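Naming: A, B, ... by sequence-line order, numbering from 1 per chain. Please read all numbers here as calculations on a predicted model, not as lab measurements.
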Amino acid sequence: MVMALSTIIKSHQILYKSTKAIKLNSIFIVSYRNLFFSSYQQRPICTKHQNDNFLSSDQINISNAFISILIRQPFSPNNPELQNLVPLLTHKVVEAVVNNLRSWRIAHLFFTWASNQRGYKHDIYTYNAMASILSRARQNALLKALALDVVNSHCSMNPGALGFLIRCLGSVGLVDEANNLFDQVKRSGICIPNSYSYNCLLEALSKSGLIDLVEIRLKEMRSLGLELDKYTLTPVLQVYCNAGKFDKALSVFNEIFERGWLDEHVFSILVVSFSKWGEVDKAIELIDSMEECNVRLNEKTFFVLIHGFVRVSRMDKAICLFDKMRQLGFFPSVSLFDVMIGGLCKCNDLEKALSLYSEMKELGIGTDIGILTKLISSFSKGGELDRLLEECWEDMNSQTKNLLCNSVLEGLVRSGSIDIAYDLLQAIMGYSSNGDSVIVKYFRDEKEIITLNTNSFTFVINGLLDAGKLDLALTLFREMVQFGCNQTVLLYNNLIDGLCKLDRLEESYELLREMKEVGLEPTQFTHNCIFGCLCRREDVEGALDFLRKMRFYGHEPWVKHSTLLVKDLCKHGKAVEACKFLTDMVQEGFLPDIITYSAAMNGLIKIKSVDEGLELFQLICTRGYCPDVISYNIVIKALCKSQRVAEAEHLLNEMMLKGLVPSVVTYNYLIDGWCKNGEIDQAMLCLSKMFGKEREANVITYATLVDGLCNLGRPDDALKLWNEMGRKGCAPNRIAYHALINGLCKCEMVDGGNLPDPLDKNFLIIRDAICKLSEDARTSSSIKDLIAEGRIPDVSLDMHRPTI
DNA sequence: GTAGGGTTAG
């Protein structure tokens with residue numbers, strides 16, 4: 001065998017070159033490892049895996065031979081070199097090869113190839129080696145297949161091996177597979193699971209939150225007389241904690257306690273859960289009792305807990321833990337100070353934040369610019385920035401002061417103190433400023449060391465723009481150049497945007513011209529600010545001209561602007577012009593979208609005719625647009641309003657066939673159409689079909705139907721529906737009340753003296769509606785008129801009105 | 001340092 005292998009290995013060029021006249025001994029491994037390190041970045045063989053320790057030198061060499069073939073791409077199962085090695089395939093070799101290939105893909109190809117070789121069959125160790133690699137690579141599908149393979153192969157396994165496989169499955173969430181595999185091997189007698197196997201399964205089930213299964217398995221363990229240990233109960237505790245099952249978690253915790261298994265991990269699970277449940281006090285109590293048990297939280301748990309407390313703004317407890325942590329001898333990191341100071345700033349406990357900052361300095365932790373920035377933005381909010389500066393100014397070198405300057409500017413702007421920011425900038429620029437802020441004084445005294453940069457100006461200019469101080473922003477923009485700061489595209493954009501929003505179009509053009517002159521390329525945003533302004537002005541020709549210029553830059557006009565233009569034109573009765581604009585846009589190569597066309601359709605319908613709207617609808621369909629629910633709604637509405645409900649129904653079917661889900665608006669239009677068409681039954685049928693769907697009927701649906709029913713002289717049904725509306729939890733509004741009272745008046749129920757008995761529920765409804773309408777300023781006068789005319793009763797006289 | 005525009009009842 002040694003001879004045969006020697007021949008094979010010698011046939012490999014790589015090995016031959018690197019190993020020269022090699023013998024089958026450990027020298028080969030060393031040189032081979034070097035080879036991989038240098039040229040293949042391969043993990044060295046025979047170091048990481050326990051199993052490798054037991055490999056004979058033959059086995060090592062065979063594994064190496066396989067690997068050297070496998071890492072040469074591409075892998076081919078019919079490679080004669082591989083075939084030559086088949087007689088040497090053993091479980092140990094397969095395991096070593098799989099474990100030492102860097103690529104899980106190649107490992108799996110090899111693993112599959114091996115399973116197809118005559119005379120070779122995987123055992124649980126090769127399966128597990130592969131499973132472990134697949135789980136680390138998160139190859140769930142392959143891992144699932146492997147688990148099935150294990151079961152079907154009936155390969156024997158001990159409880160430990162079963163546990164290992166279960167953990168592989170569990171770690172990638174294949175918990176059903178783990179559970180099934182467990183049962184299958186147990187049932188078939190392949191393996192008799194022991195406590196360890198069960199513990200592995202419990203851990204997997206717990207991680208996936210499967211409480212029921214955890215309970216079943218635990219019971220199973222108890223009934224089998226298996227010994228429970230710490231590792232059995234810990235996942236049980238975890239699953240209860242994660243599910244918020246407070247009592248059960250506590251009872252498991254107590255069992256762990258009674259059995260003397262309490263450790264740091266168990267404590268941490270419960271403490272972290274308490275904090276997640278918001279039971280901050282209980283968490284603290286538990287930490288105290290841990291001390292009695294001589295168990296310490298570790299640093300990571302402290303960190304998690306403090307973070308958690310800060311997140312829910314329980315700074316008192318966070319401070320408590322922070323102190324405790326330090327009492328226990330942990331040295332808080334700068335990131336923990338960051339979290340604590342950040343939390344205190346958020347809660348506006350600036351006093352404490354500042355004192356923590358001092359402590360941090362005393363501990364010799366350097367000034368952190370992130371922490372200072374947090375402090376600065378809070379202190380500037382509280383107007384006490386000077387106190388902070390007093391505290392930290394002396395600790396800062398000129399570089400830090402310089403860095404801090406922009407943070408101060410940013411903090412001031414962000415906290416809304418744009419005036420102070422502006423004063424500060426002016427002071428550093430050497431201009432006199434009106435402001436007398438202490439912050440300004442600090443920096444003004446050291447203005448020589450402060451180098452302003454583009455960011456300094458950007459913060460303040462943007463702040464001024466947000467505050468609506470466009471002209472001040474423009475002045476600063478002009479001045480920044482003298483301080484050697486470059487004007488940027490961002491600044492030009494923001495200023496142009498500001499000008500356009502104020503309809504100062506000429507100045508925008510001026511800035512646009514200027515930015516091009518200084519070699520800054522306008523962006524889509526720049527152009528669209530101006531395009532939007534032209535659209536808002538309803539300047540169709542201007543917009544089209546500008547759009548042609550934009551095309552030169554390859555910039556697309558934002559369709560929201562075109563839509564706005566179309567909508568505004570339609571609003572002013574210029575639907576035809578709107579359509580012309582769209583046609584021109586298309587000719588320029590810019591295609592409107594379905595929303596723009598919907599706006600145009602709606603306009604055409606309003607101003608011209610239903611048919612012209614429909615025509616546009618058909619046209620865009622033939623051009624490949626897919627109308628959405630709203631575009632269908634627009635045409636359905638048009639058809640319903642003009643008594644062409646059958647056509648509307650046809651469109652409803654069409655949209656549903658396309659997979660569109662009609663909205664409540666769609667149904668409301670149709671319901672109104674049917675009501676007006678005298679097809680009230682159809683309308684009521686529609687209502688009944690809307691129940692239980694996502695498109696639940698709303699107050700408009702009911703008001704429409706109430707109106708419809710009253711118009712058909714069915715006041716009793718209208719009142720019935722009104723009751724139903726209340727039962728469904730749909731609150732009536734002013735329009736609905738109006739529809740009811742008006743409707744009832746129309747069918748002479750109210751003024752005809754046919755009111756229900758005052759003790760009747762319907763009477764109360766009517767009275768309530770009249771009250772509501774009387775209370776509303778928009779309807780009170782017309783209600784008064786109706787009362788004066790004697791058409792409806794004056795309910796204000798009714799002093800004994802029971803509440804409904 | 002980049003959005004959000006089109007459709008309901010009396």
What salt bridge (charged side-chain N to carboxylate O under 4.0 Å, His left out) pairs are there with at least one residue in [range], not counting sequence neighbours?
range                       : result
residues 613-625 of chain A : none
residues 574-593 of chain A : A:Arg548-A:Glu588, A:Arg551-A:Glu588, A:Lys580-A:Asp584
residues 647-664 of chain A : A:Arg644-A:Glu647, A:Glu654-A:Lys658
residues 517-543 of chain A : A:Asp503-A:Arg537

Contact list please: [range] against DNA chain B, heavy atoms, distance less than 4.0 Å, in numerical order.
range                       : answer
residues 612-632 of chain A : A:Asp628, A:Ile630, A:Ser631
residues 453-475 of chain A : none
residues 486-522 of chain A : A:Leu490, A:Asn493
residues 702-714 of chain A : A:Ala703, A:Thr704, A:Asp707

To the nearest Å, give me how far apart [atom1] ([X]) and [atom2] ([N]) are.
X        : N     : atom1 : atom2 : result
A:Leu651 : B:dT7 : CG    : C1'   : 14 Å
A:Leu569 : B:dG6 : CG    : P     : 14 Å
A:Arg536 : B:dG4 : CZ    : C1'   : 13 Å
A:Ile671 : B:dA9 : CD1   : C1'   : 11 Å
A:Ile605 : B:dG6 : CD1   : P     : 16 Å
A:Asn698 : B:dT7 : CG    : P     : 17 Å
A:Ile595 : B:dA3 : CD1   : C1'   : 11 Å
A:Asn668 : B:dT7 : CG    : P     : 15 Å

Answer yes or no: does a side-chain N or O of [X] lie under 4.0 Å from OP1 or OP2 of [N]?
X        : N      : result
A:Lys567 : B:dG6  : yes
A:Lys746 : B:dG10 : no
A:Lys637 : B:dT8  : yes

Closest approach of A:Cys535 to A:Ser562 (non-hydrogen atoms, all atoms of both residues):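 Nearest heavy atoms, A:Cys535 then A:Ser562: SG-N, 4.3 Å.
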Just checking [X]: base, sugar-phosphate only, or nothing, at a heavy-atom cut-off of under 4.0 Å?
X        : answer
A:Asn742 : sugar-phosphate
A:Ile634 : sugar-phosphate
A:Lys641 : sugar-phosphate
A:Thr596 : base
A:Asn528 : nothing
A:Lys571 : nothing

List for me each residue that meets ring pair (Phe, Tyr, Trp, His ring centres under 6.0 Å) alongside A:Tyr702, sequence neighbours excluded, and say none if there are none.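 In terms of ring pair (Phe, Tyr, Trp, His ring centres under 6.0 Å), with neighbours along the sequence ignored, A:Tyr702 is linked to no residue.
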Could you pull out all residues at least two apart from A:Phe617 that satisfy ring pair (Phe, Tyr, Trp, His ring centres under 6.0 Å)?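 Scan of A:Phe617 (ring pair (Phe, Tyr, Trp, His ring centres under 6.0 Å), adjacent residues dropped) gives A:Tyr632.
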Which nucleotide sits closest to the side chain of [X]: [options]?
X        : options              : answer
A:Asn633 : B:dG5, B:dT7, B:dG6  : B:dT7
A:Val559 : B:dT8, B:dA9, B:dG5  : B:dG5
A:Val699 : B:dA9, B:dT8, B:dG10 : B:dA9
A:Val665 : B:dG10, B:dG5, B:dT7 : B:dT7

Look at the side chain of A:Thr488 and the backbone N and O of A:Leu491, then say whether any donor-acceptor pair between them is shorter than 3.5 Å.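 Yes, A:Thr488 side chain to A:Leu491 backbone: donor-acceptor pair under 3.5 Å.
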Side-chain donor/acceptor contact of A:Asn733 with base of B:dA9 under 3.5 Å: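 Pair found.
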Please determine whether the number of non-hydrogen atoms from other residues, nucleotides or ligands lying under 6.0 Å from atom NZ of A:Lys784 exceeds 12.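 No, not enclosed.
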Going by the angle between their ring planes, with limits at 30° and 60°, are A:His555 and A:His527 parallel, tilted or perpendicular?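 The arrangement is tilted - the two ring planes meet at 30° to 60°.
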Evaluate the ring planes of A:Trp558 and A:Phe525, with Trp represented by its six-membered ring, and classify them as parallel (under 30°), tilted (30 to 60°) or perpendicular (over 60°).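 Answer is perpendicular, since the angle exceeds 60°.
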So, A:Trp722 versus A:Tyr737, ring centres under 6.0 angstrom or not?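 Between A:Tyr737 and A:Trp722, which both carry aromatic rings, the centre distance is below 6.0 Å.
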For A:Glu514, which residues count as a salt bridge (Lys or Arg N to Asp or Glu O under 4.0 Å) partner, sequence neighbours excluded?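 By the salt bridge (Lys or Arg N to Asp or Glu O under 4.0 Å) rule, A:Glu514 matches A:Arg478.
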With sequence neighbours excluded, what pairs up with A:Glu510 under the salt bridge (Lys or Arg N to Asp or Glu O under 4.0 Å) test?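 Once residues adjacent in sequence are excluded, the partners of A:Glu510 under the salt bridge (Lys or Arg N to Asp or Glu O under 4.0 Å) criterion are A:Arg513.
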Would you call A:Glu507 and A:Arg504 a salt bridge, taking side-chain N to carboxylate O under 4.0 Å as the test?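 Between A:Arg504 and A:Glu507 there is a salt bridge, with a charged N closer than 4.0 Å to a carboxylate O.
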Would you call A:Asp776 and A:Lys772 a salt bridge, using N to O less than 4.0 angstrom?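 Salt bridge absent between A:Asp776 and A:Lys772.
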